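Structure first, then comments.
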Protein chains: 2
Amino acid sequence: MSEGTATQRRPGRPRSQEADAAILRAAVDLLVERGAGEASIEQIAQRAGVTRATVYRRFRDKTQLLVQAVEAENGAQSESALTWPNVDRMLDDWAGYLGHSRHRRILRRLYGALDDFPELLAAYHESYGRRRAEGVRDTLHRAREAGHLPADVDIDFLQQLLSGAVLHHLGAYPDTTGADEIREYLATALRQVGYRPAPPGP
Amino acid sequence: MSEGTATQRRPGRPRSQEADAAILRAAVDLLVERGAGEASIEQIAQRAGVTRATVYRRFRDKTQLLVQAVEAENGAQSESALTWPNVDRMLDDWAGYLGHSRHRRILRRLYGALDDFPELLAAYHESYGRRRAEGVRDTLHRAREAGHLPADVDIDFLQQLLSGAVLHHLGAYPDTTGADEIREYLATALRQVGYRPAPPGP
(Lines give C-alpha, C1' and ligand atoms only; values in the text may rest on other atoms or scores of the structure.)
Protein backbone atom coordinates (compact mmCIF):
# COMPACT_ATOMS: atom_id res chain seq x y z
CA MET A 1 0.00 0.00 0.00
CA SER A 2 2.79 2.39 0.91
CA GLU A 3 4.20 1.93 -2.58
CA GLY A 4 0.80 2.38 -4.23
CA THR A 5 0.55 5.32 -6.62
CA ALA A 6 -2.19 6.56 -8.87
CA THR A 7 -0.15 5.27 -11.79
CA GLN A 8 0.20 1.74 -10.45
CA ARG A 9 -3.48 1.44 -9.66
CA ARG A 10 -4.42 1.89 -13.28
CA PRO A 11 -4.21 -1.51 -14.96
CA GLY A 12 -1.50 -1.77 -17.54
CA ARG A 13 0.07 1.54 -16.63
CA PRO A 14 3.38 0.15 -15.30
CA ARG A 15 3.99 -1.26 -18.74
CA SER A 16 3.19 2.06 -20.38
CA GLN A 17 6.71 2.86 -21.49
CA GLU A 18 7.17 -0.62 -22.84
CA ALA A 19 3.99 -0.30 -24.89
CA ASP A 20 5.06 3.11 -26.17
CA ALA A 21 8.40 1.73 -27.30
CA ALA A 22 6.76 -1.26 -29.00
CA ILE A 23 4.28 0.99 -30.82
CA LEU A 24 6.96 3.42 -32.00
CA ARG A 25 9.19 0.59 -33.13
CA ALA A 26 6.33 -1.12 -35.01
CA ALA A 27 5.42 2.17 -36.68
CA VAL A 28 8.95 2.66 -38.04
CA ASP A 29 9.15 -1.01 -39.09
CA LEU A 30 6.01 -0.62 -41.18
CA LEU A 31 7.05 2.77 -42.52
CA VAL A 32 10.34 1.25 -43.69
CA GLU A 33 8.82 -1.93 -45.09
CA ARG A 34 5.70 -0.58 -46.78
CA GLY A 35 5.83 3.20 -46.84
CA ALA A 36 3.80 5.80 -44.99
CA GLY A 37 0.65 5.34 -47.07
CA GLU A 38 0.45 1.61 -46.45
CA ALA A 39 1.24 1.61 -42.73
CA SER A 40 -2.07 1.63 -40.84
CA ILE A 41 -2.82 2.04 -37.12
CA GLU A 42 -4.40 -1.42 -37.27
CA GLN A 43 -1.19 -3.02 -38.56
CA ILE A 44 0.99 -1.03 -36.18
CA ALA A 45 -1.12 -2.10 -33.18
CA GLN A 46 -1.04 -5.73 -34.29
CA ARG A 47 2.71 -5.76 -34.72
CA ALA A 48 3.24 -4.01 -31.37
CA GLY A 49 0.93 -6.51 -29.65
CA VAL A 50 -1.52 -3.90 -28.39
CA THR A 51 -5.06 -2.89 -29.26
CA ARG A 52 -5.95 0.00 -31.57
CA ALA A 53 -7.48 1.72 -28.55
CA THR A 54 -4.11 1.60 -26.79
CA VAL A 55 -2.49 3.27 -29.77
CA TYR A 56 -5.13 5.98 -29.94
CA ARG A 57 -4.85 6.67 -26.20
CA ARG A 58 -1.21 7.59 -26.77
CA PHE A 59 -1.15 9.16 -30.23
CA ARG A 60 -3.65 11.51 -31.80
CA ASP A 61 -3.51 10.01 -35.27
CA LYS A 62 -1.27 8.14 -37.70
CA THR A 63 0.59 11.28 -38.70
CA GLN A 64 1.54 12.14 -35.11
CA LEU A 65 2.44 8.53 -34.39
CA LEU A 66 4.78 8.35 -37.38
CA VAL A 67 6.35 11.72 -36.55
CA GLN A 68 7.08 10.59 -32.98
CA ALA A 69 8.25 7.19 -34.20
CA VAL A 70 10.74 8.67 -36.66
CA GLU A 71 12.00 11.07 -34.01
CA ALA A 72 12.36 8.28 -31.44
CA GLU A 73 14.41 6.34 -33.97
CA ASN A 74 16.81 9.24 -34.23
CA GLY A 75 17.22 8.52 -30.54
CA ALA A 76 20.31 9.75 -28.79
CA GLN A 77 21.11 11.97 -31.77
CA SER A 78 18.06 14.17 -31.16
CA GLU A 79 19.57 16.14 -28.29
CA SER A 80 23.05 16.67 -29.67
CA ALA A 81 21.95 17.21 -33.24
CA LEU A 82 20.47 20.62 -32.60
CA THR A 83 23.84 22.28 -32.74
CA TRP A 84 27.46 21.44 -33.42
CA PRO A 85 30.74 23.06 -32.37
CA ASN A 86 31.85 23.09 -36.01
CA VAL A 87 31.05 21.80 -39.49
CA ASP A 88 33.37 18.80 -39.20
CA ARG A 89 31.47 17.54 -36.16
CA MET A 90 28.18 18.08 -37.97
CA LEU A 91 29.39 15.98 -40.92
CA ASP A 92 30.54 13.27 -38.48
CA ASP A 93 27.03 13.10 -37.05
CA TRP A 94 25.34 13.07 -40.44
CA ALA A 95 27.66 10.37 -41.77
CA GLY A 96 27.09 8.26 -38.66
CA TYR A 97 23.36 8.57 -39.14
CA LEU A 98 23.41 7.91 -42.89
CA GLY A 99 25.65 4.89 -42.41
CA HIS A 100 22.65 2.87 -41.14
CA SER A 101 20.43 1.35 -43.79
CA ARG A 102 17.37 1.70 -41.56
CA HIS A 103 17.92 5.47 -41.34
CA ARG A 104 18.41 5.69 -45.09
CA ARG A 105 15.14 3.88 -45.70
CA ILE A 106 13.30 6.10 -43.22
CA LEU A 107 14.50 9.21 -45.05
CA ARG A 108 13.57 7.77 -48.46
CA ARG A 109 10.12 6.82 -47.14
CA LEU A 110 9.55 10.33 -45.80
CA TYR A 111 10.52 11.82 -49.17
CA GLY A 112 8.56 9.12 -50.99
CA ALA A 113 5.42 10.05 -49.05
CA LEU A 114 5.34 13.53 -50.59
CA ASP A 115 2.64 12.69 -53.10
CA ASP A 116 0.40 10.31 -51.14
CA PHE A 117 0.85 11.58 -47.61
CA PRO A 118 2.27 15.11 -47.74
CA GLU A 119 1.07 15.98 -44.22
CA LEU A 120 3.66 13.59 -42.77
CA LEU A 121 6.72 15.57 -43.89
CA ALA A 122 4.97 18.84 -43.05
CA ALA A 123 4.19 17.64 -39.52
CA TYR A 124 7.72 16.32 -39.02
CA HIS A 125 9.15 19.62 -40.18
CA GLU A 126 6.86 21.52 -37.84
CA SER A 127 7.71 19.36 -34.81
CA TYR A 128 11.43 18.71 -35.33
CA GLY A 129 12.75 19.48 -38.81
CA ARG A 130 12.61 23.24 -38.44
CA ARG A 131 14.74 23.24 -35.27
CA ARG A 132 17.20 20.87 -36.89
CA ALA A 133 17.48 23.13 -39.92
CA GLU A 134 18.18 26.09 -37.63
CA GLY A 135 21.02 24.19 -35.98
CA VAL A 136 22.55 23.45 -39.39
CA ARG A 137 22.19 27.08 -40.44
CA ASP A 138 23.84 28.32 -37.24
CA THR A 139 26.75 25.93 -37.73
CA LEU A 140 27.25 27.05 -41.34
CA HIS A 141 27.02 30.73 -40.36
CA ARG A 142 29.72 30.29 -37.73
CA ALA A 143 31.92 28.51 -40.28
CA ARG A 144 31.56 31.46 -42.64
CA GLU A 145 32.37 33.93 -39.86
CA ALA A 146 35.45 31.87 -39.00
CA GLY A 147 36.57 32.10 -42.61
CA HIS A 148 36.08 28.39 -43.35
CA LEU A 149 33.52 29.21 -46.02
CA PRO A 150 33.82 31.99 -48.63
CA ALA A 151 32.45 35.31 -47.37
CA ASP A 152 29.96 35.51 -50.25
CA VAL A 153 28.52 32.01 -49.85
CA ASP A 154 24.72 31.92 -49.60
CA ILE A 155 24.12 29.92 -46.39
CA ASP A 156 20.42 29.26 -47.04
CA PHE A 157 21.21 27.98 -50.47
CA LEU A 158 24.16 25.94 -49.24
CA GLN A 159 21.79 24.26 -46.82
CA GLN A 160 19.55 23.31 -49.72
CA LEU A 161 22.52 21.96 -51.67
CA LEU A 162 23.51 19.78 -48.71
CA SER A 163 19.97 18.50 -48.34
CA GLY A 164 20.01 17.65 -52.05
CA ALA A 165 23.40 15.97 -51.75
CA VAL A 166 21.94 13.71 -49.04
CA LEU A 167 18.91 12.88 -51.21
CA HIS A 168 21.16 12.06 -54.13
CA HIS A 169 23.31 9.83 -51.95
CA LEU A 170 20.25 7.98 -50.65
CA GLY A 171 19.21 7.27 -54.23
CA ALA A 172 22.52 6.61 -55.94
CA TYR A 173 24.72 4.82 -53.40
CA PRO A 174 24.09 1.40 -51.85
CA ASP A 175 22.70 1.22 -48.32
CA THR A 176 25.84 -0.67 -47.33
CA THR A 177 28.00 2.43 -47.86
CA GLY A 178 30.08 2.99 -44.73
CA ALA A 179 30.04 6.14 -42.59
CA ASP A 180 33.62 7.03 -43.59
CA GLU A 181 32.78 7.02 -47.28
CA ILE A 182 29.63 9.08 -46.66
CA ARG A 183 31.68 11.51 -44.56
CA GLU A 184 34.04 12.00 -47.50
CA TYR A 185 31.12 12.48 -49.91
CA LEU A 186 29.62 15.22 -47.70
CA ALA A 187 33.01 16.90 -47.25
CA THR A 188 33.52 16.82 -51.02
CA ALA A 189 30.16 18.54 -51.48
CA LEU A 190 31.23 21.30 -49.09
CA ARG A 191 34.66 21.65 -50.71
CA GLN A 192 32.95 22.33 -54.06
CA VAL A 193 31.51 25.51 -52.56
CA GLY A 194 34.85 26.54 -51.07
CA TYR A 195 34.78 24.98 -47.60
CA ARG A 196 38.30 25.05 -46.14
CA PRO A 197 38.35 23.86 -42.52
CA ALA A 198 41.03 25.27 -40.26
CA PRO A 199 44.13 23.08 -39.93
CA PRO A 200 44.50 21.40 -36.52
CA GLY A 201 45.97 23.82 -33.97
CA PRO A 202 49.60 23.55 -32.78
CA MET B 1 -6.77 -5.04 -103.11
CA SER B 2 -3.95 -2.98 -104.63
CA GLU B 3 -3.68 -1.11 -101.36
CA GLY B 4 -3.66 -4.28 -99.30
CA THR B 5 -0.59 -4.85 -97.17
CA ALA B 6 0.33 -7.46 -94.66
CA THR B 7 -0.11 -4.87 -91.98
CA GLN B 8 -3.60 -3.87 -93.02
CA ARG B 9 -4.80 -7.46 -93.26
CA ARG B 10 -4.18 -8.04 -89.57
CA PRO B 11 -7.22 -6.85 -87.64
CA GLY B 12 -6.59 -3.87 -85.40
CA ARG B 13 -3.13 -3.24 -86.77
CA PRO B 14 -3.88 0.17 -88.37
CA ARG B 15 -4.76 1.44 -84.90
CA SER B 16 -1.53 0.11 -83.47
CA GLN B 17 0.08 3.51 -82.85
CA GLU B 18 -3.08 4.77 -81.21
CA ALA B 19 -3.13 1.80 -78.85
CA ASP B 20 0.55 2.29 -78.04
CA ALA B 21 -0.03 5.93 -77.19
CA ALA B 22 -3.05 5.08 -75.02
CA ILE B 23 -1.12 2.39 -73.15
CA LEU B 24 1.92 4.62 -72.55
CA ARG B 25 -0.29 7.49 -71.41
CA ALA B 26 -2.28 5.22 -69.06
CA ALA B 27 0.95 3.83 -67.62
CA VAL B 28 2.27 7.30 -66.74
CA ASP B 29 -1.13 8.34 -65.38
CA LEU B 30 -1.12 5.41 -62.97
CA LEU B 31 2.55 5.87 -62.10
CA VAL B 32 1.83 9.50 -61.18
CA GLU B 33 -1.39 8.79 -59.31
CA ARG B 34 -0.46 5.64 -57.40
CA GLY B 35 3.25 5.02 -57.72
CA ALA B 36 5.19 2.33 -59.57
CA GLY B 37 4.39 -0.44 -57.10
CA GLU B 38 0.63 0.04 -57.32
CA ALA B 39 0.35 0.47 -61.09
CA SER B 40 -0.50 -2.95 -62.57
CA ILE B 41 -0.68 -4.12 -66.19
CA GLU B 42 -4.34 -4.97 -65.51
CA GLN B 43 -5.13 -1.37 -64.46
CA ILE B 44 -3.07 0.11 -67.26
CA ALA B 45 -4.85 -2.03 -69.86
CA GLN B 46 -8.24 -1.11 -68.43
CA ARG B 47 -7.51 2.61 -68.44
CA ALA B 48 -6.11 2.43 -71.98
CA GLY B 49 -9.19 0.53 -73.18
CA VAL B 50 -7.24 -2.51 -74.40
CA THR B 51 -6.83 -6.09 -73.22
CA ARG B 52 -3.93 -7.29 -71.11
CA ALA B 53 -2.89 -9.45 -74.07
CA THR B 54 -2.58 -6.31 -76.19
CA VAL B 55 -0.28 -4.75 -73.61
CA TYR B 56 1.89 -7.88 -73.39
CA ARG B 57 2.15 -8.09 -77.19
CA ARG B 58 3.81 -4.68 -77.15
CA PHE B 59 5.77 -4.60 -73.88
CA ARG B 60 7.77 -7.36 -72.27
CA ASP B 61 6.75 -6.57 -68.70
CA LYS B 62 5.64 -3.78 -66.39
CA THR B 63 9.18 -2.49 -65.94
CA GLN B 64 9.77 -2.09 -69.67
CA LEU B 65 6.32 -0.56 -70.13
CA LEU B 66 6.96 2.05 -67.44
CA VAL B 67 10.43 2.82 -68.79
CA GLN B 68 9.04 3.40 -72.29
CA ALA B 69 6.09 5.35 -70.88
CA VAL B 70 8.30 7.72 -68.91
CA GLU B 71 10.57 8.20 -71.89
CA ALA B 72 7.61 8.86 -74.21
CA GLU B 73 6.40 11.50 -71.76
CA ASN B 74 9.72 13.29 -72.07
CA GLY B 75 8.66 13.44 -75.68
CA ALA B 76 10.17 16.06 -77.92
CA GLN B 77 12.86 16.69 -75.35
CA SER B 78 14.37 13.23 -75.74
CA GLU B 79 16.22 14.05 -78.95
CA SER B 80 17.55 17.46 -78.03
CA ALA B 81 18.30 16.60 -74.42
CA LEU B 82 21.28 14.42 -75.24
CA THR B 83 23.55 17.39 -75.68
CA TRP B 84 23.49 21.15 -75.34
CA PRO B 85 25.58 23.93 -76.91
CA ASN B 86 26.25 25.35 -73.44
CA VAL B 87 25.25 25.15 -69.78
CA ASP B 88 22.73 27.99 -70.05
CA ARG B 89 20.80 26.10 -72.71
CA MET B 90 20.91 22.96 -70.58
CA LEU B 91 19.44 24.84 -67.61
CA ASP B 92 16.74 26.28 -69.89
CA ASP B 93 15.75 22.74 -70.88
CA TRP B 94 15.78 21.44 -67.32
CA ALA B 95 13.75 24.37 -66.01
CA GLY B 96 11.23 23.95 -68.82
CA TYR B 97 10.87 20.28 -67.94
CA LEU B 98 10.67 20.82 -64.18
CA GLY B 99 8.10 23.58 -64.62
CA HIS B 100 5.43 20.94 -65.33
CA SER B 101 3.84 19.32 -62.29
CA ARG B 102 3.35 16.05 -64.18
CA HIS B 103 7.09 15.82 -64.82
CA ARG B 104 7.84 16.62 -61.19
CA ARG B 105 5.54 13.86 -60.03
CA ILE B 106 7.06 11.37 -62.47
CA LEU B 107 10.54 12.09 -61.10
CA ARG B 108 9.35 11.82 -57.49
CA ARG B 109 7.64 8.51 -58.29
CA LEU B 110 10.79 7.11 -59.89
CA TYR B 111 12.82 8.08 -56.83
CA GLY B 112 10.02 6.91 -54.52
CA ALA B 113 10.12 3.47 -56.17
CA LEU B 114 13.68 2.86 -54.98
CA ASP B 115 12.64 0.63 -52.08
CA ASP B 116 9.68 -1.27 -53.52
CA PHE B 117 10.59 -1.42 -57.20
CA PRO B 118 14.32 -0.74 -57.58
CA GLU B 119 14.50 -2.42 -60.98
CA LEU B 120 12.50 0.45 -62.49
CA LEU B 121 15.13 3.13 -61.95
CA ALA B 122 17.89 0.69 -62.88
CA ALA B 123 16.15 -0.18 -66.16
CA TYR B 124 15.46 3.47 -66.95
CA HIS B 125 19.09 4.32 -66.29
CA GLU B 126 20.23 1.48 -68.51
CA SER B 127 17.93 2.45 -71.42
CA TYR B 128 18.07 6.24 -71.27
CA GLY B 129 19.47 7.74 -68.07
CA ARG B 130 23.06 6.81 -68.78
CA ARG B 131 23.09 8.56 -72.17
CA ARG B 132 21.44 11.62 -70.62
CA ALA B 133 24.04 11.72 -67.90
CA GLU B 134 26.80 11.59 -70.53
CA GLY B 135 25.27 14.59 -72.30
CA VAL B 136 25.26 16.54 -69.04
CA ARG B 137 28.86 15.58 -68.32
CA ASP B 138 29.99 16.63 -71.80
CA THR B 139 28.27 19.99 -71.43
CA LEU B 140 29.88 20.60 -68.03
CA HIS B 141 33.30 19.53 -69.32
CA ARG B 142 33.07 22.00 -72.20
CA ALA B 143 32.05 24.75 -69.77
CA ARG B 144 35.13 24.05 -67.68
CA GLU B 145 37.35 24.06 -70.76
CA ALA B 146 35.87 27.41 -71.78
CA GLY B 147 36.72 28.80 -68.37
CA HIS B 148 33.10 29.15 -67.22
CA LEU B 149 33.74 26.73 -64.35
CA PRO B 150 36.81 26.71 -62.07
CA ALA B 151 39.64 24.59 -63.48
CA ASP B 152 39.69 22.41 -60.36
CA VAL B 153 35.96 21.67 -60.26
CA ASP B 154 35.13 17.95 -60.04
CA ILE B 155 32.70 17.45 -62.93
CA ASP B 156 31.44 14.05 -61.80
CA PHE B 157 30.73 15.42 -58.37
CA LEU B 158 29.15 18.58 -59.75
CA GLN B 159 26.78 16.38 -61.70
CA GLN B 160 25.78 14.65 -58.46
CA LEU B 161 25.26 18.00 -56.76
CA LEU B 162 22.98 19.12 -59.59
CA SER B 163 21.01 15.89 -59.41
CA GLY B 164 20.64 16.46 -55.67
CA ALA B 165 19.59 20.08 -56.20
CA VAL B 166 16.79 18.85 -58.48
CA LEU B 167 15.67 16.25 -55.91
CA HIS B 168 15.64 18.91 -53.20
CA HIS B 169 13.62 21.23 -55.41
CA LEU B 170 11.08 18.48 -56.14
CA GLY B 171 10.62 17.98 -52.41
CA ALA B 172 10.79 21.50 -51.04
CA TYR B 173 9.16 23.75 -53.66
CA PRO B 174 5.53 23.68 -54.77
CA ASP B 175 4.67 22.01 -58.08
CA THR B 176 3.30 25.36 -59.25
CA THR B 177 6.80 26.90 -59.29
CA GLY B 178 7.36 28.51 -62.68
CA ALA B 179 10.16 27.63 -65.08
CA ASP B 180 11.84 31.05 -64.62
CA GLU B 181 12.12 30.57 -60.87
CA ILE B 182 13.44 27.03 -61.30
CA ARG B 183 15.95 28.34 -63.86
CA GLU B 184 17.22 30.84 -61.29
CA TYR B 185 17.42 28.12 -58.62
CA LEU B 186 19.55 25.90 -60.88
CA ALA B 187 21.76 28.83 -61.89
CA THR B 188 22.24 29.71 -58.21
CA ALA B 189 23.32 26.13 -57.53
CA LEU B 190 25.95 26.39 -60.28
CA ARG B 191 27.11 29.82 -59.12
CA GLN B 192 27.86 28.34 -55.68
CA VAL B 193 30.50 26.16 -57.30
CA GLY B 194 31.95 29.06 -59.26
CA TYR B 195 30.01 28.96 -62.54
CA ARG B 196 30.56 32.22 -64.41
CA PRO B 197 28.99 32.15 -67.87
CA ALA B 198 30.61 34.26 -70.56
CA PRO B 199 29.00 37.69 -71.07
CA PRO B 200 27.06 38.00 -74.37
CA GLY B 201 29.41 38.62 -77.27
CA PRO B 202 29.72 42.08 -78.92
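Fair warning: this is a prediction, and the values are worked out from it, not measured in the lab. Lettering follows sequence order; numbering is per chain, from 1.
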So do B/V136 and B/L140 actually touch side chain to side chain, heavy atoms under 4.5 Å? yes

Which atom names give the shortest non-hydrogen contact between A/G194 and A/P150, and what distance separates them? O-CD, 3.4 Å

Taking the side chain as every heavy atom from C-beta outward, state whether B/V70 and B/L120 have any atom pair closer than 4.5 Å. no

Let me know if B/L162 has heavy atoms under 4.5 Å from chain A in its side chain, its backbone, both or neither. neither

If you tally heavy-atom pairs under 4.5 Å between each of A/G35, A/A189, A/P118 and chain B, the highest tally belongs to A/A189

Side chain to side chain, B/V193 and B/F157, heavy atoms closer than 4.5 Å: no

Output for pair (B/L65 CG, B/I44 CD1), nearest 0.5 Å, gives 4.5 Å

When you look at A/V166 and A/L186, which way does the side-chain contact (heavy atoms from CB on, under 4.5 Å) test go after all the steps? CA-CA 8 Å; A/V166 169; A/L186 295 169; 4.1 Å; yes

Return the CG to CG distance between A/L110 and A/L31, rounded to the nearest 0.5 Å. 6.0 Å

Atom pairs, donor to acceptor, chain B/chain A, distance under 3.5 Å:
{"from": "B/R108", "atom 1": "NE", "to": "A/D115", "atom 2": "OD2", "distance (Å)": "2.8"}
{"from": "B/R108", "atom 1": "NH2", "to": "A/D115", "atom 2": "OD1", "distance (Å)": "2.9"}
{"from": "B/R109", "atom 1": "NH1", "to": "A/D116", "atom 2": "OD2", "distance (Å)": "2.9"}
{"from": "B/R109", "atom 1": "NH2", "to": "A/D116", "atom 2": "OD1", "distance (Å)": "2.8"}
{"from": "B/Y111", "atom 1": "OH", "to": "A/L167", "atom 2": "O", "distance (Å)": "2.6"}
{"from": "B/D115", "atom 1": "OD1", "to": "A/R108", "atom 2": "NH2", "distance (Å)": "2.9"}
{"from": "B/D115", "atom 1": "OD2", "to": "A/R108", "atom 2": "NE", "distance (Å)": "2.8"}
{"from": "B/D116", "atom 1": "OD1", "to": "A/R109", "atom 2": "NH2", "distance (Å)": "2.8"}
{"from": "B/D116", "atom 1": "OD2", "to": "A/R109", "atom 2": "NH1", "distance (Å)": "3.0"}
{"from": "B/Q160", "atom 1": "OE1", "to": "A/H168", "atom 2": "NE2", "distance (Å)": "3.0"}
{"from": "B/Q160", "atom 1": "OE1", "to": "A/Y173", "atom 2": "OH", "distance (Å)": "2.8"}
{"from": "B/Q160", "atom 1": "NE2", "to": "A/Y173", "atom 2": "OH", "distance (Å)": "3.3"}
{"from": "B/S163", "atom 1": "OG", "to": "A/H168", "atom 2": "ND1", "distance (Å)": "2.9"}
{"from": "B/L167", "atom 1": "O", "to": "A/Y111", "atom 2": "OH", "distance (Å)": "2.6"}
{"from": "B/H168", "atom 1": "ND1", "to": "A/S163", "atom 2": "OG", "distance (Å)": "2.9"}
{"from": "B/H168", "atom 1": "NE2", "to": "A/Q160", "atom 2": "OE1", "distance (Å)": "3.0"}
{"from": "B/Y173", "atom 1": "OH", "to": "A/Q160", "atom 2": "OE1", "distance (Å)": "2.8"}
{"from": "B/Y173", "atom 1": "OH", "to": "A/Q160", "atom 2": "NE2", "distance (Å)": "3.3"}

Against chain A, work out which of B/L158, B/L170, B/V32 has the most heavy-atom pairs shorter than 4.5 Å and name it. B/L170

Would you sort out whether B/L107 and B/L98 count as a side-chain contact (heavy atoms from CB on, under 4.5 Å), showing the intermediate values? CA-CA 9 Å; B/L107 293 180; B/L98 294 168; 3.6 Å; yes

Less than 4.5 Å to any heavy atom of chain A: does that hold for the side chain of B/L114, its backbone, both, or neither? side chain

